[in-house]
Amino acid sequence: MTIDFILDGADVSCRARATDRLSDVLAQEFPEAGVGSDCRAGRCGRCVVLMDGKLVLSCLVPAFRVRGAEIVSPRAYARTEEGESVAAGFARAGVAACEFCTPQRVLIAGLLLEEAAGASERRILEAMQTVQCRCVEPSALVRGVRAAVELRSERKWPHAR
Amino acid sequence: MRVSEVFAPTSLIETLGLLRKHEDALVWAGGTEILRLRVGRRPELPPTIVSLDKVPELRAIGRSDRALDLGAMVSLAQLAALGEGAVPEALAEAAAGVGTEGLRNLATLGGNLLGRERFGDLFAALACLDAIAEFRGASGSRWMAVGRLAGRDRKPLVPTGEILVRVRVPFDPWDLSLVRKIGYPLWPAADTGVFTCLARAAKGSLYEFRAALGGPLFLRDRETETGLIGKRLPLQRREIEAARQSWRARFEEDGVGAPWIERFLAAVDESFDALRAGVAR
């Protein structure tokens, strides 16, 4: 079947079987999106994307569900202003995640920044569990998200300090 | 292999019509369990799929003074995010504990409730809460207690030829609402499950007590629960021991393996401790 959807802001179209996993479709047809398809069982979190604004494990999304959807890959998110701001927060907090999980973690941290009440430590740790990579201490990720919140606040209100 | 034919009905009536026409169709809710269990690049699936994600009736959330109505396609993330007071605590906690956020945004209440291989993480909570489920098929609509979706062999009993439309969860006040994951918390395995215990006290006595465990099998014994009701709080050591013996005997009689009996009793012990602490407060 032909699947039309929006990927990283651009209208795209590809041929896939209805039940192919989105992670495989992205890895094969759109390698520039940098989405991995490793465990294909919803465990590793290498395949996370935003689908219509929600974080999903794309290895658990069949191609037929993607028709008309808007997909944002972690690599593209990292290039947005929000993504750069998160990455700067991680750098300020000394978070040195590996190259395999950094884009996914930046994406998740970006979502946490959007939460109105501000994410608690528990919420940050819980959200970060979506990516199963042990390259960085969980407490460092909490510091990274908090540094990103601070940085964003400084940029928004530069004279507040 | 045949290319799958996927139908995406936009109403309940259309869905039921499709299921009548394609009796062997695979009904696709969130699909996370279907794809999780079929590891591989191209999962083997039936040739016809009926996807429920475009059926608005299945996404509805309604609330009255006495109960919460949840459409079968409500996602576990939505359920967990309904907020304190809007959803019974045990149900919200069980939903929040399922997998990771990336999975909860896809997984649905209906899919969790109607797992074929094992009882989903919400099952014990829904059974303890006395939730009822509405199924619709060719012969109309019927309501069924969620607890009845466990067969006599303690394995899942999935109705065929009907679809789950919604689940009605009563709002009852609970003094104890305890949910415990057993085994590795992030994804299901042969030794994982979710235990739920609900209790209510009145005039210094135990007025209501429910305890259940869902995983590869479903453990609950209403007789033992009934035996505890009316006892003065805090419960005496001998009363707790008698209840433990009763659960053990009933589960052994049904051929439940010792590890699952021990897991159930350990969780029950924690519930009794929490109940004692609550009473002491």
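Each chain gets a letter, A, B and so on, in the order its sequence line appears, and its residues count up from 1. Given the structure is predicted, the values throughout are model-derived calculations rather than measurements.
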Undergrad: Heavy-atom distance under 4.5 Å to chain A: side chain of Leu186(B), backbone, both or neither?
TA: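 Interface part for Leu186(B): side chain.
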Undergrad: Sort Cys47(A) into side chain, backbone, both or neither according to what part of it lies under 4.5 angstrom from a heavy atom of chain B.
TA: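 Neither the backbone nor the side chain of Cys47(A) comes within 4.5 Å of chain B.
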Undergrad: Taking side chain as C-beta onward, heavy atoms only, is Cys59(A) less than 4.5 Å from Leu35(B)?
TA: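 Not touching, per the 4.5 Å side-chain cut-off.
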Undergrad: Report which part of Val61(A) has an atom under 4.5 Å of a heavy atom belonging to chain B: side chain, backbone, both, or neither.
TA: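 Contact with chain B: backbone and side chain both.
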Undergrad: Quick one: of Pro62(A), Ser58(A), Ser23(A), who has the most non-hydrogen atom pairs under 4.5 Å with chain B?
TA: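 Among the listed options, the one with the most contacts to chain B is Pro62(A).
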Undergrad: Kindly check if the number of other-residue, nucleotide or ligand heavy atoms within 6.0 Å of CD1 (Ile13(B)) is above 12?
TA: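 Open: at most 12 neighbouring heavy atoms sit under 6.0 Å from CD1 of Ile13(B).
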Undergrad: Of all of Ile34(B), Thr32(B), Leu106(B), Leu37(B), which one pairs up most often with chain A through heavy atoms under 4.5 Å apart?
TA: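 Heavy-atom pair counts peak at Leu106(B).
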Undergrad: Let me know if Gln104(A) has heavy atoms under 4.5 Å from chain B in its side chain, its backbone, both or neither.
TA: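 No part of it gets close to chain B.
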Undergrad: If I take atom OG1 from residue Thr19(A) and atom CG from residue Leu45(B), how far apart are they, to the nearest 0.5 angstrom?
TA: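 One finds 5.0 Å between OG1 of Thr19(A) and CG of Leu45(B).
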Undergrad: I would like to know whether Leu55(A) and Thr100(B) meet side-chain contact (heavy atoms from CB on, under 4.5 Å); could you show each step before the answer?
TA: CA-CA 10 Å; Leu55(A) 186 78; Thr100(B) 60; over 6 Å; no
Undergrad: Would one find more than 12 heavy atoms of other residues, nucleotides or ligands at under 6.0 Å from atom NZ of Lys181(B)?
TA: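 Count over threshold, so yes.
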Undergrad: Can you pull out the residues in residues 79-90 of chain A with any heavy atom less than 4.5 Å from chain B?
TA: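 Those residues of residues 79-90 of chain A which would need a heavy atom under 4.5 Å from chain B do not exist here.
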Undergrad: For Arg43(A), is it the side chain, the backbone, both, or neither that has a heavy atom closer than 4.5 Å to a heavy atom of chain B?
TA: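 When you check distances to chain B, atoms from both the backbone and side chain of Arg43(A) fall under 4.5 Å.
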Undergrad: Check whether Val48(A) gets within reach of chain B through its side chain, its backbone, both or neither, counting any heavy atom under 4.5 Å.
TA: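 Contact with chain B involves no heavy atom of Val48(A) at all.
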Undergrad: Can you tell me which of Glu33(B), Arg104(B), Glu101(B), Arg36(B) forms the most heavy-atom pairs within a distance under 4.5 Å of chain A?
TA: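 If we count pairs closer than 4.5 Å to chain A, Glu101(B) comes out on top.
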Undergrad: Hey, could you give me the CZ/CG distance between Arg65(A) and Asp53(B), rounded to the nearest 0.5 Å?
TA: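 Rounded to the nearest 0.5 Å, the CZ-CG separation comes out at 3.5 Å.
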Undergrad: Could you grab the distance from atom CG of Asn105(B) to atom CG of Asp52(A), nearest 0.5 Å is fine?
TA: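 One gets 11.0 Å once the value is rounded to the nearest 0.5 Å.
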Undergrad: Do you know which two heavy atoms are closest between Thr130(A) and Gly102(B), and how far apart they sit?
TA: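 Looking at all heavy atoms of both residues, the shortest contact is OG1-N, 3.7 Å.
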